[in-house]
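First up is the structure itself, then whatever we jot down about it.
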Amino acid sequence: MPQISPNLLIPESFQVSREDIAGQIGLIWELIRVPLIVPLLKLCVYICLAMSLMLFMERVYMGIVIVLVKMFWKKPEKRYNWEAIQDDVELGSSNFPFVLIQIPMFNEKEVYKISIGAACGLSWPSDRLVIQVLDDSTDPAIKQLVETECKRWASKGLNITYQIRENRTGYKAGALKEGLKRSYVKHCEYVAIFDADFRPEPDYLRRAIPFLVHNPDIALVQARWRFVNSNECLLTRMQEMSLDYHFKVEQEVGSATHAFFGFNGTAGVWRIAAINEAGGWKDRTTVEDMDLAVRAGLKGWKFVYLGDLQVKSELPSTFKAFRFQQHRWSCGPANLFRKMVMEIVRNKKVQFWKKVYVIYSFFFVRKIIAHMVTFCFYCVVLPLTILVPEVQVPIWGAVYIPSVITILNSVGTPRSIHLLFYWILFENVMSLHRTKATLIGLFEAGRVNEWVVTEKLGDAVKNKAAADAKNKNNIKAPKRLKFKFTDRINTLELGFGVFLFFCGCYDFVHGKNNYFVYLFLQTITFLITGFGYIGTIV
């Protein structure tokens with residue numbers, strides 16, 4: 001049978017060589033670059049520079065205020081009425097208000113004992129304390145363990161109740177709301193909320209409750225988080241640096257200047273009357289804590305942040321858990337901003353400058369601009385300017401402003417100053433997910449209400465390390481943990497790693513700004529996270 005030539009099947013007009021295709025693509029690029037690509041990229045540069053200036057001014061403002069607060073502001077105990085509640089032999093415990101402790105949990109096998117034990121160890125009269133364990137677990141074995149632990153403490157004389165629901169409607173907000181409806185908590189004036197991995201010190205209530213007792217206009221007292229596993233790996237060190245700035249600067253400044261900040265969802269004490277006046281818990285976003293805080297703030301209630309009142313907690317130690325958490329923390333605020341911005345504008349109970357602070361500083365710059373400018377500018381627009389030499393980024397926008405912002409961000413964790421450069425690269429990687437989540441929240445796209453409970457390991461890591469050390473003395477070698485390599489792969493990070501590597505190579509060969517140094521380092525960070533190894537680096 002004679003061989004059929006490909007030329008007979010393909011029309012002559014389509015028979016072009018690879019060189020011709022490359023030439024045609026190059027010709028099309030040259031035709032659209034000057035009239036279309038250049039002005040469009042210039043516009044993107046101007047927008048990114050404007051966002052950078054907004055973030056820069058916000059960070060400088062926060063830096064100036066926090067210095068003034070530390071030097072001249074009185075401590076909360078001096079700014080507000082505060083007097084310790086004393087034990088009285090004659091009156092007994094009657095001068096202590098009734099306090100409800102709520103511990104929401106979901107399949108918390110590794111940490112349920114820690115939070116329940118810490119709550120039961122609070123220094124507060126047992127007849128004035130109600131502990132409510134709100135268990136939404138779907139694993140029957142874990143539910144049995146939690147219930148048994150509650151019964152164990154109840155046998156010691158603690159007023160602790162194990163509470164379950166038929167479904168998880170509203171997730172955490174639904175559980176907290178359902179808990180407040182119970183008849184046995186109606187006499188409680190205040191409610192302290194602790195997530196399953198939080199362990200307050202015994203004097204927590206004695207230090208926080210007096211602010212609420214002696215100041216009827218205060219709705220919330222928020223404590224600072226302290227991380228018990230911050231030294232576990234590089235991932236937890238990076239998280240500590242970001243969260244320390246949030247607590248040491250953002251929360252402190254909000255409390256000192258406007259008596260307003262976002263409730264962190266745990267390690268805080270609320271006045272139940274304020275929760276009810278604000279409309280109670282709502283599950284319309286994934287940040288029910290911030291939602292309640294904004295609504296209470298619009299009612300005129302004040303918040304107090306206590307930086308020296310610290311509650312131990314745990315950071316996500318796996319990249320998968322951290323990504324889910326960051327999606328929730330980025331998507332929720334953007335979605336809440338969409339839902340409440342006009343309500344804030346129309347509000348008559350709060351002052352004009354407080355509205356400006358909430359809309360511009362609290363929401364727009366910190367929750368939206370900060371994520372978008374980090375990703376769009378340093379991971380997309382700046383690399384693209386290498387491929388389009390007609391577009392230039394001024395050095396003050398590419399180097400000076402981000403350097404100042406980074407230095408101001410680093411003041412929260414001085415002990416990790418040597419990790420500052422890698423923290424920048426890691427934050428750029430995470431800005432990809434935060435920007436994506438922010439856009440989902442703003443436009444209410446598919447995953448807007450996705451709620452994945454952050455995995456907590458508790459003492460499991462310590463126990464495993466102790467077991468490994470013990471096994472070294474045994475004859476049998478310990479079994480290796482099995483996992484699928486494909487479970488670690490994050491294609492989005494790998495894709496951007498390849499893009500930045502290409503831009504870095506092009507800049508190395510043709511560029512004049514030496515951006516390739518940054519691009520190659522950023523490529524390495526994207527690839528490390530893309531292959532899922534960020535949580536394994538110690």
Side-chain angles (χ1 to χ4, degrees), residues 2-53 371-399 401-402 425 428-429 431-433 435-436 438-440 442-443 445 489-531:
Q3 188 176 3
I4 299 176
S5 172
N7 293 334
L8 298 176
L9 300 177
I10 303 174
E12 185 176 352
S13 59
F14 288 97
Q15 295 176 17
V16 293
S17 65
R18 293 180 180 178
E19 291 78 8
D20 292 335
I21 294 175
Q24 289 178 7
I25 293 175
L27 180 62
I28 294 173
W29 169 253
E30 290 299 327
L31 288 174
I32 67 172
R33 188 182 65 176
V34 175
L36 180 63
I37 302 298
V38 171
L40 187 62
L41 191 56
K42 281 185 178 180
L43 177 62
C44 291
V45 169
Y46 295 147
I47 293 173
C48 288
L49 289 174
M51 291 193 295
S52 294
L53 285 173
H371 304 324
M372 289 188 173
V373 70
T374 304
F375 171 68
C376 296
F377 197 13
Y378 304 111
C379 297
V380 179
V381 173
L382 191 64
L384 285 176
T385 59
I386 295 170
L387 306 178
V388 186
E390 293 91 343
V391 181
Q392 297 291 327
V393 178
I395 191 171
W396 59 265
V399 179
I401 282 184
L425 300 174
N428 287 348
V429 174
S431 69
L432 164 64
H433 299 286
T435 300
K436 178 182 174 184
T438 299
L439 292 174
I440 289 174
L442 284 174
F443 296 104
I489 297 296
N490 301 300
T491 55
L492 206 55
E493 287 87 342
L494 292 177
F496 265 95
V498 172
F499 164 69
L500 294 177
F501 179 73
F502 170 76
C503 293
C505 292
Y506 189 89
D507 186 57
F508 180 76
V509 177
H510 303 288
K512 300 178 181 179
N513 296 317
N514 294 324
Y515 287 155
F516 66 86
V517 177
Y518 154 71
L519 291 173
F520 286 153
L521 291 171
Q522 190 66 69
T523 296
I524 293 172
T525 309
F526 265 103
L527 294 180
I528 289 174
T529 53
F531 285 115

Working to the nearest 0.5 angstrom, can you tell me the gap between [X] [atom1] and [Y] [atom2]?
X	Y	atom1	atom2	result
L49	I401	CG	CD1	7.5 Å
N490	L527	CG	CG	11.5 Å
S431	K436	OG	NZ	13.5 Å
L432	C376	CG	SG	10.0 Å
L521	N428	CG	CG	11.5 Å
I524	L500	CD1	CG	11.5 Å

[X] vs [Y] side-chain heavy atoms within contact, under 4.5 Å:
X	Y	answer
L425	Y378	no
F502	I386	no
L439	M372	yes
V45	T385	yes
E390	K42	no
F516	V509	no
V393	C48	no

Q: Only counting residues at least two apart or in another chain, list the ones meeting side-chain contact (heavy atoms from CB on, under 4.5 Å) with V399.
A: I395, S403

Minimum heavy-atom distance between [X] and [Y], given as atom pair plus value:
X	Y	result
P39	R33	CD-O, 4.4 Å
C44	V381	CB-CG2, 4.0 Å
F531	I489	CD2-CD1, 3.5 Å
N514	D507	C-OD2, 3.5 Å

(Q) Quick check on F508: does its CZ atom have over 12 non-hydrogen neighbours (other residues, nucleotides or ligands) under 6.0 Å away? (A) no

Q. Yes or no on side chain to side chain contact (heavy atoms under 4.5 Å, CB included) for F377 and I47, after CA distance, side-chain angles and deciding distance?
A. CA-CA 9 Å; F377 197 13; I47 293 173; over 6 Å; no

Q: With sequence neighbours left out, write down each residue that passes ring pair (Phe, Tyr, Trp, His ring centres under 6.0 Å) with F375, or none if nothing qualifies.
A: F496

Q. In chain order, what residues pass the ring pair (Phe, Tyr, Trp, His ring centres under 6.0 Å) check against F520, with sequence neighbours excluded?
A. F501

Q) Is it true that a side-chain atom of T529 and a backbone atom of F526 form a donor plus acceptor pair closer than 3.5 Å? A) yes

**Q.** Backbone of C503 reached by a side-chain donor or acceptor of Y515 within 3.5 Å
**A.** no

